[in-house]
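Down below is the structure, laid out as structure tokens.
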Amino acid sequence: MAKSTTAKKHASPHDASGAFKPSRLSRLTPSWLTQRWSRWISKRLPPQKQVTLSHKGIFILPSGFGLFWLGLIVLLYLFGTNYQNNLVIGLSLLLASVFHTCIIYSYKNLAGLTFKAVTPPHAYADDSMPFPIMLTGHTRQDNPDTTHQQICLQFSHQRHARVKRMQEQTIATVVFEHTKRGRLNPGRIKVSSYFPLGLCRAWSYVDLDIHHVIFAKPEVCDIKLASHISDNDTQYEHGKLHPGVDDYKGLRSYIPGESLKQVAWKQWAQDKGMLTKEFDEPEGLPVWLTLANTSGNNIEHKLSKLAWQVDKLSQSQQIFGLILDEHIINQQTGEAHRVACQTAIGTYHLPANMNPDFSPSHVTNSSVGEPL
């Protein structure tokens, strides 16, 4: 089984406030030319769940050092022909052959490289969002390492991650910073390399069709639970779990003296030992978290408070429901319920959140509460 390693991350140019500072070339490029290039790339390299680089999507141009190298070749050749010096002419031809060889190796360094997105962790607004990307390459027969080296991966206007040396399967973590709540599509990943001598820059664009929900940033507050039936709305009198016979919770080790009716005989027959089934049932009446009963300066402030309450109640395994205007999530508990509530809060009255460099034609707006 091949190992997976995390790529090293390097900072890209940012100003004092942390916002991305575009390069001089980006500032000088007309916006219409940038948009036209983006549309052409989107058509040539459409979004796919798994992408393998080939000659269709790999671009190669001389780097700054490569342009200097070409100028030196021309200068030496002119000098050699002018003074009829075969040694200088031979040196210029040797440098030209080295440059030509670098073009071939620059292409081979990216060709055949396969990219596939790995399920990212949950993240909250204003946090750095790590996107794990699985890179798969071809290994040598006598070496577990691949021929792919010094590869940089980067979302537009974000920091880049560098993979110095790949194995057959390598996980590179590409970071997307300054996230906002909502459905995030980080857009294309720019894959580039200056291997082997830095004379040529080979790059490509990989769109893995990544869509992820960014939760609202939690803000500590008082928990306010409401029951629309009961006159007593004390927050810890309703919705708590206690041992019962209604809802199956899980298995635990058998304690001698317990009733044999609760023993998981199926697991015992599979030689997993004596285990006891646990059941829970809620106390009192169902309770709700509601946007209407949450105080705040604005809608974002209220949603941040709701996000914190959802995490806090889920941590204490308390049953609750969520009401966001017309969208209702029934009472439940557990990790799946927490994610469903945080998703509804994070996508409340917001369209998809996209990378500024990504073409909006590839994103479909989703309604609140729509399953991922």
Side-chain angles (χ1 to χ4, degrees), residues 2-10 12 23 25 37-38 40-67 69-70 97-118 131-176 186-210 355 357-358:
K3 295 182 179 179
S4 297
T5 58
T6 302
K8 294 186 177 180
K9 292 171 278 187
H10 300 262
S12 60
S23 64
L25 180 61
W37 168 257
S38 180
W40 184 81
I41 287 294
S42 300
K43 184 178 180 180
R44 186 176 180 86
L45 304 173
Q48 299 179 32
K49 294 298 182 181
Q50 181 171 311
V51 176
T52 301
L53 297 183
S54 64
H55 66 281
K56 181 180 179 181
I58 298 178
F59 310 95
I60 303 176
L61 282 177
S63 62
F65 179 54
L67 292 176
W69 189 278
L70 290 175
S97 65
V98 171
F99 184 85
H100 181 267
T101 304
C102 285
I103 296 177
I104 299 175
Y105 275 91
S106 296
Y107 169 78
K108 291 181 63 177
N109 192 42
L110 294 184
L113 196 57
T114 301
F115 297 81
K116 184 178 181 180
V118 181
F131 285 96
I133 307 297
M134 175 71 74
L135 283 73
T136 305
H138 302 290
T139 58
R140 306 171 185 171
Q141 296 181 353
D142 57 343
N143 196 320
D145 294 335
T146 66
T147 57
H148 311 288
Q149 302 180 44
Q150 301 295 334
I151 298 172
C152 293
L153 298 93
Q154 175 188 20
F155 290 115
S156 179
H157 300 167
Q158 299 292 328
R159 290 187 300 166
H160 72 268
R162 182 187 299 274
V163 181
K164 290 187 175 181
R165 183 178 294 273
M166 276 188 52
Q167 294 185 333
E168 185 177 2
Q169 286 188 336
T170 301
I171 294 182
T173 303
V174 188
V175 177
F176 192 99
R188 293 185 292 266
I189 300 175
K190 186 177 184 179
V191 183
S192 60
S193 176
Y194 287 90
F195 182 84
L197 298 178
L199 297 177
C200 297
R201 177 174 174 265
W203 78 96
S204 183
Y205 298 97
V206 175
D207 192 344
L208 298 176
D209 197 22
I210 301 174
N355 191 322
D357 190 54
F358 183 71

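For this chain, numbers begin at 1 and follow the sequence in order.
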Quick one: pull up [atom1] in [X] and [atom2] in [Y] and give me the separation to the nearest 0.5 Å.
| X | Y | atom1 | atom2 | value |
| --- | --- | --- | --- | --- |
| K164 | C152 | NZ | SG | 11.0 Å |
| F59 | R44 | CZ | CZ | 5.5 Å |
| W203 | I58 | CH2 | CD1 | 11.5 Å |
| M134 | K116 | CE | NZ | 8.0 Å |
| H148 | K108 | NE2 | NZ | 10.5 Å |
| R162 | Q150 | CZ | CD | 5.5 Å |

### Message
Under the rule for side-chain hydrogen bond (donor to acceptor under 3.5 Å, both in side chains), what residues qualify as partners of S204, not counting sequence neighbours?
### Response
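Result, side-chain hydrogen bond (donor to acceptor under 3.5 Å, both in side chains) vs S204: none returned.
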### Task
Could you pull out all residues at least two apart from T114 that satisfy side-chain hydrogen bond (donor to acceptor under 3.5 Å, both in side chains)?
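T114: side-chain hydrogen bond (donor to acceptor under 3.5 Å, both in side chains) contacts with T52.
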### Query
For L113 and T136, what are the C-alpha separation, side-chain angles and deciding distance, and is it a side-chain contact (heavy atoms from CB on, under 4.5 Å)?
CA-CA 6 Å; L113 196 57; T136 305; over 6 Å; no
Those residues that, when tested against [X], pass side-chain contact (heavy atoms from CB on, under 4.5 Å) (two or more places apart):
| X | answer |
| --- | --- |
| Y105 | T101, P196 |
| F99 | P62, W69, L70, I103, L199, C200 |
| S54 | K56 |

If you look at every heavy atom in [X] and [Y], which pair is closest and at what distance?
| X | Y | result |
| --- | --- | --- |
| G187 | D207 | O-OD1, 4.1 Å |
| L135 | A172 | CD1-CB, 3.9 Å |
| I133 | A117 | CD1-CA, 4.2 Å |
| A161 | T173 | CB-O, 3.5 Å |
| Q149 | F195 | OE1-CE1, 3.7 Å |

### Message
Apply side-chain contact (heavy atoms from CB on, under 4.5 Å) to residues V51 and L208 and explain how you reach the verdict.
### Response
CA-CA 7 Å; V51 176; L208 298 176; 3.9 Å; yes
### Task
Specify whether W37 and Y205 have parallel, tilted or perpendicular ring planes, treating 30° as the upper limit for parallel and 60° as the lower limit for perpendicular.
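Perpendicular.
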### Message
Suppose we call two aromatic rings close when their centres sit under 6.0 Å apart. Are Y194 and F65 close by that rule?
### Response
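When the ring centroids of Y194 and F65 are compared, they turn out to be at least 6.0 Å apart.
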### Query
With sequence neighbours excluded, what pairs up with K49 under the salt bridge (Lys or Arg N to Asp or Glu O under 4.0 Å) test?
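Applying salt bridge (Lys or Arg N to Asp or Glu O under 4.0 Å) to K49 gives D209.
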### Task
Report yes or no: does N109 contribute a side-chain atom to a donor-acceptor pair with the main-chain N or O of S193 at less than 3.5 Å?
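Checking the backbone N and O of S193 against the side chain of N109, no donor-acceptor pair under 3.5 Å is found.
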### Query
Could you walk me through whether F115 and I189 pass the side-chain contact (heavy atoms from CB on, under 4.5 Å) check?
CA-CA 10 Å; F115 297 81; I189 300 175; 6.0 Å; no
### Query
Regarding R188 and S38, is there a side-chain donor-to-acceptor distance under 3.5 Å anywhere?
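Indeed, the side chains of R188 and S38 share at least one donor-acceptor pair under 3.5 Å.
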